[in-house]
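Computed from heavy atoms alone, side chains included, the values below leave out hydrogens, waters and symmetry copies.
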Amino acid sequence: MPSPPPTSPAAAAAGYFEFRSAEHVPETHEWPGLHDHPSVDAVAVAGRDDAVPVVDLGGGDPAAVARALARAAEEWGAFLLVGHGVPAGVAARMEEQIARLFALPAADKDRAGRRPGEMNGYGRPPYALRFSRLMWSEGYTFAAATIRDEFRRVWLDGGDDYLRFCEVMEEHHREMMALGKRLVDVFFRALGLTDEQIAAGETEREIRETLTATMHLNLYPKCPEPERAIGLAAHTDSGFFTLIMQSPVPGLQLLRRDPERWVTVPAPPGAFAVVLGDLFQLLTNGRFRSAFHRAVVNGDRDRISVPYFLGPPGNMEVAPLAAAVPPGRKPAFRPVTWPEYMRVKGKASGLDASALAMLQVPEEGGEGGVVPPKN
């Protein structure tokens with residue numbers, strides 16, 4: 001039996017339909033190749049370690065924290081972050097408000113529908129337009145600095161519901177930005193910089209002080225046939241790194257190789273998933289790697305996640321840090337702004353870090369190319 005049709009013309013354009021009343025996954029939402037690689041739990045077994053790294057930001061010795069982060073960034077490009085100091089109530093309030101947003105009538109959400117060529121709004125993210133199939137999710141993207149203006153598109157007259165929603169989004173933004181800036185300094189230490197060098201470094205200070213943030217609210221409704229649908233197609237993020245708040249329903253998966261398999265990231269209460277992006281791989285001269293990841297759906301429960309994307313302002317040229325380039329060697333990548341990189345990625349063959357190969361500087365007497373990730 002086919003799923004019900006979209007609820008409105010705007011929803012149809014976005015590719016959404018009534019998930020709640022769907023009894024089957026329609027062909028429009030069925031994804032081939034989902035099981036080309038097996039999915040495994042995040043555990044350590046003989047001869048293979050699939051235990052997702054955990055970095056405890058409050059773990060005492062800053063040098064030990066930096067070493068743990070460096071190992072995770074080099075080997076996985078992702079990790080679970082604990083000991084971060086963000087109050088537990090922040091995540092609970094976010095989950096409540098996001099569920100309320102997506103439960104609104106379709107007409108209310110359609111007012112904020114993302115228009116062609118725009119990044120912000122309700123609907124399919126721009127990169128999803130590259131696919132012929134639709135994902136089992138609802139999403140809303142917005143610049144963290146424009147929360148109140150953005151959500152007047154949903155709540156036209158303001159009011160208590162609007163104010164409460166915005167207050168919770170702003171609280172999350174404040175906590176994540178502060179955490180992101182702290183984490184930047186730990187990444188710098190992981191590259192071998194001392195606190196004195198970090199404080200004196202003009203580039204390091206500019207990166208920390210000009211971080212820009214984009215938030216994406218995701219709802220992955222429970223799915224009648226989860227083995228046939230995908231919540232979020234496999235890709236790498238494009239910016240520096242992403243802090244992900246997720247409800248305690250696992251769904252985020254990381255690709256590991258030799259052999260290729262999808263490792264499901266646990267979702268312990270209070271932990272954030274951190275996923276490194278392509279521009280961070282460039283910034284660290286290839287030492288820290290972006291992570292190829294996706295989100296699967298659940299047959300019994302909804303899942304909510306909030307990726308908080310951190311990157312440079314659009315006019316900043318991102319180039320390998322001096323601390324990341326070995327003595328006597330030239331940088332592995334040419335400088336690029338974030339908008340320029342997005343254009344490069346749009347021309348690449350896939351939604352992974354292969355776009356970085358187009359920015360790599362060839363070695364003298366050799367050819368460019370991204371070194372395969374270690375995992």
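- At distances below 3.5 Å, not a single donor-acceptor pair connects side-chain atoms of H235 with backbone N or O atoms of R294.
- The distance from the CD atom of E260 to the CG atom of D36 is 9.5 Å, given to the nearest 0.5 Å.
- A distance of 4.5 Å separates CD in Q281 from OG in S290, rounded to the nearest 0.5 Å.
- Between Y308 and H172, the two ring planes are perpendicular [angle over 60°; tilted spans 30° to 60°].
- You'll find the ring centres of F187 and F240 outside the 6.0 Å limit.
- Below 30°, between 30° and 60°, or above 60°: for F272 and H84 the angle between ring planes is between 30° and 60°, a tilted geometry.
- Under the 3.5 Å distance criterion, the side-chain polar atoms of N285 are matched with a main-chain donor or acceptor of A332.
- A donor-acceptor distance shorter than 3.5 angstrom exists from the side chain of R152 to the backbone of L156, with no hydrogens or angles considered.
- Remark: the backbone N or O of P53 is not paired with any side-chain donor or acceptor of R71 at under 3.5 angstrom.
- In the hydrophobic cluster analysis, where Ile, Leu, Val, Met, Phe, Trp and Tyr join through side-chain heavy atoms closer than 4.5 angstrom, F131 is grouped together with W136.
- The aromatic rings of H29 and F19 sit perpendicular, their planes meeting at an angle over 60°, well past the 30° parallel limit.
- Under 3.5 Å, the side chains of N218 and S137 contain no donor-acceptor pair of N or O atoms.
- Under a 3.5 Å cut-off, the side chain of R114 and the backbone N or O of G123 do form a donor-acceptor pair.
- Taking 4.5 Å as the limit, some side-chain heavy atom of H293 sits within range of a side-chain heavy atom of D237.
- In this structure a side-chain-to-backbone donor-acceptor pair under 3.5 Å is missing from E138 to L219.
- With values rounded to the nearest 0.5 angstrom, M119 atom CE is found 7.0 Å from T141 atom OG1.
- The one candidate from K109, H216, E150 that meets the side chain to side chain donor-acceptor pair (under 3.5 Å) condition with Y140 is E150.
- Ion pair E167/R93 not flagged as a salt bridge, since none of the NZ, NE, NH1 or NH2 atoms sits closer than 4.0 Å to an Asp/Glu carboxylate oxygen.
- Geometrically, R111 does not engage W155 in a cation-pi contact, judged by NZ or CZ lying under 6.0 Å from the ring centre and within 45° of the ring axis.
- The main-chain N or O of V25 is found under 3.5 Å from a side-chain atom of R228 such that the two form a donor-acceptor pair.
- Put simply, CD1 on I230 and CE on M135 are 8.5 Å apart, with the number rounded to the nearest 0.5 Å.
- Judged by distance alone, with hydrogens and angles left aside, the side-chain atoms of R303 form a donor-acceptor pair with the main-chain N or O of V249 at under 3.5 Å.
- At distances below 3.5 Å, at least one donor-acceptor pair connects side-chain atoms of T194 with backbone N or O atoms of Q197.
- If you take CH2 on W262 and CZ on F292, they are separated by 5.0 Å, rounding to the nearest 0.5 Å.
- T264 and Q253 share a side-chain donor-acceptor pair at under 3.5 Å.
- By the 6.0 Å contact criterion, CD on E118 is enclosed, its count of non-hydrogen atoms from other residues, nucleotides or ligands being greater than 12.
- Within 6.0 Å of atom CG in D61, more than 12 heavy atoms from other residues, nucleotides or ligands are found, so the atom counts as buried in its surroundings.
- A donor-acceptor pair is defined here as one N or O able to donate and one able to accept, closer than 3.5 Å; no such pair exists between the side chain of W338 and the backbone of P313.
- No option in L183, V86, V275 other than L183 meets the side chain to side chain contact (heavy atoms under 4.5 Å, CB included) test with L243.
- A distance of 8.0 Å separates CZ of R182 from CG of L81, quoted to the nearest 0.5 Å.
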